[in-house]
Amino acid sequence: MNIGYACLVVGVQNTDMKSCTLKNASDERLLELIGHNLESLENIVGYNIKNNISLFRISSDLIPFGSSPVNRLSWDEIFADRFRCIGQKIKDSGMRVSMHPGQYTVLNSPYTLIVEKAIDDLNYHNRVLKALETGPEHKIILHIGGMYGDKCEALKRFALNFNNLDQGVRDRLVVENDHKAFNINDVLEIGTNLDIPVVFDNLHNEVNPYPGDRSEKYWIDQCRETWKSKDGNQKIHYSQQDPAKRPGSHSSTISVGRFMEFCSSLEGLDIDLMLEVKDKNISAIKCINAVAADKNIKYLEFEWSRYKYSVLENSPAIYLEIRKLLNNKQDYPVMPFYNLIEEAMKTGKTKGNSVNAMQHVWGYFKNTASDTEKKRFLKMLEGFEKDQIASASVKSYLWRLAVKYDEKYLLDSYYFIL
DNA sequence: TGACGTCAAGATCCG
DNA sequence: CGGATCTTGACGTCA
């Protein structure tokens, strides 16, 4: 089972994707951006390897305007070596990557122009995966598109346009159920007809179900039939509903309890699981640790080093409780560990607890920081205590100090992002 | 015509 | 000036 996350990494330096507006998209600017983004991608791949994350969706923003006529660059040739080098790392580590054009790539549109743009976009995604020299098990996931008042015709148009795609794209293409138009039964029908794999998305299925009371496991089993050996392991998308937002909105983090319930419902199926969640890599590591075969407390200790100041600013009581929990080095209390962290994150921060955490973090710079830095920190702290400035301002100053003094322990901490 | 979703660029405001 | 915060951009469909 591979577990991964989509597109971007939170809280890790030099992993951002840069872009520009259409009017600024000169060759020079685009070259600069692509170079930067490839460097970020390489760092992301390195981060994934270091953290045992073996599934990753590459951002469509890797090449700005990758499928637009404004980008006439032969970027796959210009950066061929960089692509090959990154691809080699992917291959060597056994990582599986994918790409996922967004909701605006509509292959089944009745408008020729839109279809042409969709084809260009699919070709672009394939061009990236080809430049990385990845095989056809590194997929491009696509939604079916719009309904236009006639589902049957819309499905027919999808099939027609699919059959006119380049072989390279067809070899990688996977279809997914969406939250509005095409439910999992529709997508299975078309996937079966076109002989391409189907990704089951649990939250889309919750919001836009096929009528009846089929279980998730039933649909996952059905989808499994569409995955052939050339396609690699079956893959699904997994996310949880954000209780505060509209149906279909992804939660900020994955609740480990519900995740494990879902895993046990799979009854041991070996499946690749792409998480769609706001905290991205953070939830990926959580879920990987939750199902780890190699139950070594060192993984939890490493996690604790990243979470501890966030927990401290929310709940000193839980902070102490987790420390106690990790005392027995023979144990692997992964569920209580993450449950306590999730509970702490839901606790409202009091000013006193925030200040306490700020002072703990400041402790790393106490002896190295200059007098002006010390003065500035103390002034900010005072400002925060008097409600004059936000805690985020103090934290972002502490982050700048962490970067300046290269405090490795803090640079890995979730304190600055959660 | 605006909402939808997502991210970062770009603009503006503030001390 | 740097940093925080708001608005725009890019995409197509649908009400």
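Lettering of chains follows the sequences in order, A, B, ..., and the numbering in each one begins at 1. Model, not experiment: these values are computed from the prediction.
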With the side chain of [X] defined as its heavy atoms from C-beta on, choose the nearest nucleotide among [options].
| X | options | value |
| --- | --- | --- |
| A:Tyr104 | C:dT13, B:dC4, C:dG9 | B:dC4 |
| A:Phe65 | C:dA10, B:dA9, B:dG5 | C:dA10 |
| A:Arg246 | C:dC14, C:dA4, B:dG5 | B:dG5 |

Nearest-Å distance, [atom1] ([X]) to [atom2] ([N])?
| X | N | atom1 | atom2 | value |
| --- | --- | --- | --- | --- |
| A:Met147 | B:dC4 | CE | P | 19 Å |
| A:Asp201 | B:dG5 | CG | P | 14 Å |
| A:Leu107 | C:dT13 | CG | C1' | 15 Å |
| A:His143 | B:dT6 | NE2 | P | 10 Å |

Considering just the side-chain nitrogens and oxygens of [X], establish if one lies under 4.0 Å of OP1 or OP2 belonging to [N].
| X | N | result |
| --- | --- | --- |
| A:Asn24 | B:dG10 | yes |
| A:Ser19 | C:dG9 | no |
| A:Ser109 | C:dT13 | yes |
| A:His250 | B:dG5 | no |
| A:Thr21 | B:dG10 | yes |
| A:Arg400 | C:dG3 | yes |

| note | The residue, A:Gly145 or A:Leu22, whose nearest nucleotide of DNA chain C is more 5′ is A:Leu22
| field | Point-to-point distance, once rounded to the nearest 0.5 Å, from CD of A:Glu176 to CG of A:Leu142 | value | 9.0 Å
| said: With rounding to the nearest 0.5 angstrom, report the CG to CE distance, A:Leu132 to A:Met99. | reply: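 So the CG of A:Leu132 and the CE of A:Met99 are separated by 8.5 Å.
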| said: If you assign A:His179 and A:Lys18 each to the DNA chain B nucleotide with the nearest heavy atom, which residue ends up on the more 5' nucleotide? | reply: A:His179
| message | On DNA chain B, does the nearest nucleotide to A:Leu8 precede the nearest nucleotide to A:Arg29 from the 5' side, or the other way round? Give the residue. | response |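 Mapping each residue to its closest nucleotide by heavy atoms, the 5'-most match is A:Leu8.
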Within the 4.0 Å heavy-atom criterion, would you say [X] contacts the bases, only the backbone, or no part of the nucleic acid?
| X | value |
| --- | --- |
| A:Ser59 | nothing |
| A:Lys280 | sugar-phosphate |
| A:Lys180 | nothing |

| said: Using modelled atom types and a 3.5 Å cut-off, is there a donor and acceptor pairing between side-chain atoms of A:Asn281 and backbone atoms of A:Val9? | reply: no
| message | Quick check on side-chain contact (heavy atoms from CB on, under 4.5 Å): which of A:Val199, A:Leu194, A:Ile196, A:Thr226 does A:Val175 satisfy it with? | response |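 Checked A:Val199, A:Leu194, A:Ile196, A:Thr226 against A:Val175; only one passes side-chain contact (heavy atoms from CB on, under 4.5 Å): A:Ile196.
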| query | Is there a donor in the side chain of A:Asn24 and an acceptor in the side chain of A:Thr21, or the other way round, less than 3.5 Å apart? | reply | yes
